[in-house]
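Some notes on the structure that comes next.
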There are 2 protein chains.
Amino acid sequence: MKEICICPRLSKAMDLLGKRWTTLILYQLLEGPQRFNEIESALPISGRLLSERLKELEKEGIVERAVYSEVPVRVEYSLTEKGLALEGAIREVEKWSKIWIN
Amino acid sequence: MKEICICPRLSKAMDLLGKRWTTLILYQLLEGPQRFNEIESALPISGRLLSERLKELEKEGIVERAVYSEVPVRVEYSLTEKGLALEGAIREVEKWSKIWIN
DNA sequence: ATTAAATAGTTACTTTTCGTAAGTAGATAA
DNA sequence: TTATCTACTTACGAAAAGTAACTATTTAAT
């Protein structure tokens, strides 16, 4: 996106949040830290895309990745402060969807 | 999207709002009714996609299309009640982006 | 009569992203 | 040695997005 016009910050935000699955992944993580497979099971997303999205979100400082060297290995993803700050926005969409969808 | 797991309404909502440009188009329409070219100029979007998105939003009852038979023709797009109801969610993302982006 | 100008799109084509299914890696257990 | 578990990665065909040029309609100008 070229994000020249309009509000450039919102534009940047939507580059992230407007990507397929991103908001649903964050919504899922609002439940608390979760493992790769837990998220994968909770959403109709494939491992390929989940992996891709989590990397993007980690790079943006929205999600944190923690590896626990157990057997087998456990990897947990959680929201950072920046990620948690999105709760208000996500809840608003949830509210809207409860009223206006279907 | 298969939208089986998680909240199916949120999932459906994100099918719409999570599409590229959709939220920015709605944000732009929060300024008031606007013509095709106005929206096109305000965002770095092409006519092809703008046309596609507006049709989707119209089909979902989020946006209304009004044709005025002037010369040359004037076509205005505006938010319906359902569309206006998204303002809270969009403003929350805007707020977040002002704090956390860049 | 022909050309130009303005708005609101549409078409054709290339590039990027997504979806699906199968495969990999590293460590243990049978 | 084979199987199992988790967390990914790879390969590839399909769908969506980006870009630029083109169309339709009506009026005005040359």
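Predicted model only: the values in this text are computed from it and were never measured. Each chain gets a letter, A, B and so on, in the order the sequences are listed, and its residues count up from 1. The figures here come from the full heavy-atom set of this structure, side chains too, leaving out hydrogens, waters and symmetry mates.
In terms of heavy atoms, Y27(B) sits closest to C7(A) at OH-CB, 3.9 Å. When all heavy atoms are compared, the tightest approach of L50(B) to F36(B) is CD2-O, 3.6 Å. Contact between T80(A) and G61(A) at its shortest, heavy atoms only, is OG1-O, 2.6 Å.
Atom CE of M14(B) and atom OG1 of T23(A) lie 3.5 Å apart (nearest 0.5 Å).
To the nearest angstrom, C1' of dG9(C) lies 11 Å from CG of L54(B). Between L43(B) atom CG and dA17(D) atom P the separation is 15 Å, expressed in whole Å. Rounded to a whole Å, the CZ atom of F36(A) is 13 Å from the P atom of dT6(D). Remark: P of dA7(D) and CD of Q34(A) are 12 Å apart, rounded to the nearest angstrom. Atoms CD (E58(A)) and P (dA7(D)) sit 14 Å apart, rounded to a whole Å. In this entry the distance linking CD1 of I25(B) with P of dG9(C) reads 12 Å, nearest Å. Nucleotide dA8(C) holds its P atom 9 Å from the CD1 atom of I39(B), rounded to whole Å. Nucleotide dT6(D) holds its P atom 15 Å from the CG atom of L50(A), rounded to whole Å.
For dC8(D), neither phosphate oxygen OP1 nor OP2 lies less than 4.0 angstrom from any side-chain nitrogen or oxygen of S51(A).
L49(A) has its side chain within reach of E52(A): a pair of non-hydrogen atoms, C-beta onward, lies under 4.5 Å apart. Side-chain contact between L24(B) and I45(B) is absent, with no heavy atoms from C-beta onward closer than 4.5 Å. With a 4.5 Å cut-off on side-chain heavy atoms, L79(A) and V63(A) count as touching.
A heavy atom lying under 4.0 Å from DNA chain C marks the following residues of residues 59-77 of chain B, by number: R65(B), P72(B), V73(B), R74(B), V75(B), Y77(B).
Using a 4.0 Å cut-off between charged nitrogen and carboxylate oxygen, E58(A) and K55(A) do not count as a salt-bridge pair. We find that R53(A) and E56(A) are joined by a salt bridge, their nearest charged nitrogen and carboxylate oxygen being less than 4.0 Å apart.
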Nucleotides 14-18 of chain C: which of its N/O atoms have a protein N/O under 3.5 Å away?
from	atom 1	to	atom 2	distance (Å)
dC18(C)	OP1	R53(A)	NH2	2.5
dC18(C)	OP2	R53(A)	NH2	2.9

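With DNA chain C read from its 5' end, the first of the two nearest nucleotides for S46(A) and E38(B) is the one closest to E38(B). Between K55(B) and N37(B), the residue anchored closer to the 5' end of DNA chain C is N37(B), taking for each the nucleotide with the nearest heavy atom.
Of the residues listed (Q28(B), E40(B), E76(B)), the one engaging Q34(B) in a side chain to side chain donor-acceptor pair (under 3.5 Å) is Q28(B), and it is the only one.
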Test side-chain contact (heavy atoms from CB on, under 4.5 Å) on R65(A) and L54(A) and set out the steps. CA-CA 9 Å; R65(A) 181 177 189 267; L54(A) 287 171; over 6 Å; no
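An angle of 30°, rounded to 10°, separates the two end axes of the helix from dA1(C)-dT30(D) to dA30(C)-dT1(D), each defined over five pairs.
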